[in-house]
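Whatever order the structure lists ligands and atoms in, that order sets their numbers, starting from 1. Just the heavy atoms: all of them, side chains too, but no hydrogens, waters or symmetry mates, feed the values below. The first residue in the sequence is number 1, and the count goes up from there.
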Amino acid sequence: MKDKIVIERYAQAKEIYAGYGVDTEAALDKLENKKISFNAWQLDDVHGFLSAPRGAGGGVMATGNYLGVAKNAEQLMRDADKVFSLVAGKHKLSLQANMVDTTEKVDLDTIAPKHFKGYVDWAKQNGVGLDINPSCSGHPMLSTGFTLSSEDKSIRDYWINHFILTSKIGEYFGKETGIRCVTNYWIPDGYKDFPADTYSPRLRLKESLDEIFARERKTEYNIDTLESKLFGIGVEAFTVGSHEFYLTYALQNDLPICLDAGHFHLSEDIGYKISAVLMGCKEILLHVTRPMRWDSDHVVSYDDNVRNIMREIVRYDFLNRVNLGTDYFDASINRIAAGVLGMRNTQKSLLSALLEPSNLLKEFEKTGDYTSRLVLTEECKTLPIEDVWNYFCLKNGVPCGFEWLDDVKKYEREVLSKRG
Ligand code: RNT
Ligand code: ZN
């Protein structure tokens, strides 16, 4: 679309929104300043770059065989550059602890900041932040299906050490980049079939977490968040780290939790959980994703679920208490395009929330005028968000519409297709 048209249409949209009491300029400012943490594992199929052979399990796996998967840290950073170049604003890259940037032989129990220095240099150069996640899935030490809640002390100790090392790398990220890091804890532990004892593994998980959190942590540089899950592949019957488990633990220990949109019953909208959880947690992390029929981690879509999540963040001014991250992995399409699309849809959903005349809606609700609340809610769905979005992209020097895909296709021809 021509710049002139984008600018003209924005001027009109600005007036239309103003008619509903919405300040589009203020919305754009907030949008520009909200960092979204892009999950780097969309680029390497959740594989990592350890030299140790990969095991199975954990239930986290990208399906598809599209050309050009990132096979080392250098390729991953190059791909992330491409993704970020097509998304407005400055964001964060969320790494897995197994995405080491080294030729040294390291494993999850020997990783150290030096194995991530390349990412820090890259992040500083590009003004982006870094997040990290301990990596349990696909590792030989997960062969029993249990990590922090294992009955075997040596397995528990291995993972306790890994989680501590990962958080320390998180502190290093925060200190070096000047942007506080989020280290997100997720473990796959659970049973395929109905357990006889759900209490003991939970007790062990609690004790492992107590041990991990016993050390003095540098929360100015890094916060640790706890991600729950309802079920996974191979753990259909029972998950040790359930929502209730972590919520209770988080409240007792003053920690933030992570809500992943795919980790609940599918009709359970995580948007409405935010105002409840923030009663007790100072802040939270969100994993924005698209669960299709199950926790499938499809590319984030501009859909009702994501828009409702964003509405719930914006309506009560929670933007500073909610860390936004994406979590999807699709290897059946161009991974860079998947990355860009999911990030742009997350951001566009946030824009739709920022453009909502929420004061008007709240006013109707207060006076018991639910008719007007519903009518206005429906009206909002077709207000000209596209014109504001295009202007936002233009202002931030990224392509407005569908055109961004041309750039990705060029990258596929010139870079991805040459990877073996
Ligand atoms: C798994 C969790 C977790 C992972 C990443 C790879 O179900 O959602 O966030 O997706 O750690
Ligand atoms: Zn997740």
Side-chain angles (χ1 to χ4, degrees), residues 36-50 54-63 69-70 76 92-99 108 111 130-139 142 145 147-148 159 162-163 166-167 169-170 181-190 224-236 238-243 245-246 256-266 268 270 273 277 284-300 305-306 309 322-331 335 338-339 342 346:
I36 302 168
S37 188
F38 170 57
N39 61 293
W41 52 95
Q42 163 59 55
L43 303 173
D44 78 332
D45 295 351
V46 211
H47 194 276
F49 312 126
L50 293 174
R54 258 181 87 82
V60 179
M61 163 180 111
T63 51
V69 64
L76 186 106
K92 290 175 108 182
L93 183 68
S94 184
L95 300 170
Q96 289 285 330
N98 61 14
M99 291 174 171
L108 296 181
I111 48 165
L130 292 172
D131 288 336
I132 194 162
N133 303 256
S135 311
C136 300
S137 52
H139 193 272
L142 178 65
T147 62
L148 295 177
W159 289 106
H162 172 61
F163 277 61
T166 305
S167 286
I169 293 166
C181 172
V182 175
T183 299
N184 179 52
Y185 290 15
W186 169 74
I187 58 162
D189 304 26
D224 300 303
T225 56
L226 305 169
E227 182 178 4
S228 66
K229 192 162 171 169
L230 178 64
F231 79 98
I233 299 177
V235 291
E236 287 81 358
F238 167 69
T239 303
V240 183
S242 63
H243 179 56
F245 175 89
Y246 282 127
I257 59 164
C258 165
L259 296 172
D260 181 310
H263 290 193
F264 296 85
H265 287 288
L266 286 193
E268 237 180 312
I270 73 157
K273 294 182 189 298
V277 169
I284 53 170
L285 168 68
L286 290 186
H287 267 182
V288 183
T289 185
R290 176 163 51 112
M292 192 184 292
R293 308 195 197 287
W294 67 290
D295 180 32
S296 61
D297 291 295
H298 279 69
V299 180
V300 174
N305 280 331
V306 181
I309 289 171
V322 177
N323 300 277
L324 278 182
T326 54
D327 183 6
Y328 52 89
F329 28 102
D330 188 342
R335 293 174 187 79
T346 304

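Put simply, the side chain of Thr326 reaches to within 4.5 Å of the side chain of Ile36, judged on heavy atoms. Between Arg335 and Asp45 the shortest side-chain heavy-atom distance falls below 4.5 Å.
Residues Ser37 and Asp131 have side chains that bring a donor and an acceptor to within less than 3.5 angstrom of each other. In the model, His298 has no side-chain atom that pairs as donor or acceptor with a side-chain atom of Asp330 under 3.5 Å. Donor-acceptor pairing under 3.5 Å is lacking for the side chains of Trp41 and Asn133.
Taking a cut-off of 2.8 Å, the protein N, O or S atoms nearer than that to the Zn ion (ligand 2) are Glu227 OE2, Asp260 OD2, His287 ND1, Asp327 OD2.
Phe264 carries Lys273 over the face of its six-membered ring, with the cationic atom under 6.0 Å from the centre and within 45° of the normal.
Annotation: ligand 1 has protein neighbours Trp41, Val46, Val60, Gln96, Trp186, Glu227, Lys229, Asp260, His263, His287, Asp295, Asp327, Phe329, each with a heavy atom less than 4.0 angstrom from the ligand.
Partners of Asp44 under the salt bridge (Lys or Arg N to Asp or Glu O under 4.0 Å) rule, at least two apart in sequence or in another chain, do not exist in this structure. Under the ring pair (Phe, Tyr, Trp, His ring centres under 6.0 Å) criterion, His139 pairs with Tyr158, Trp159, sequence neighbours left out.
The aromatic rings of Phe163 and Tyr185 lie perpendicular to each other, with more than 60° between the two planes, well past the 30° mark.
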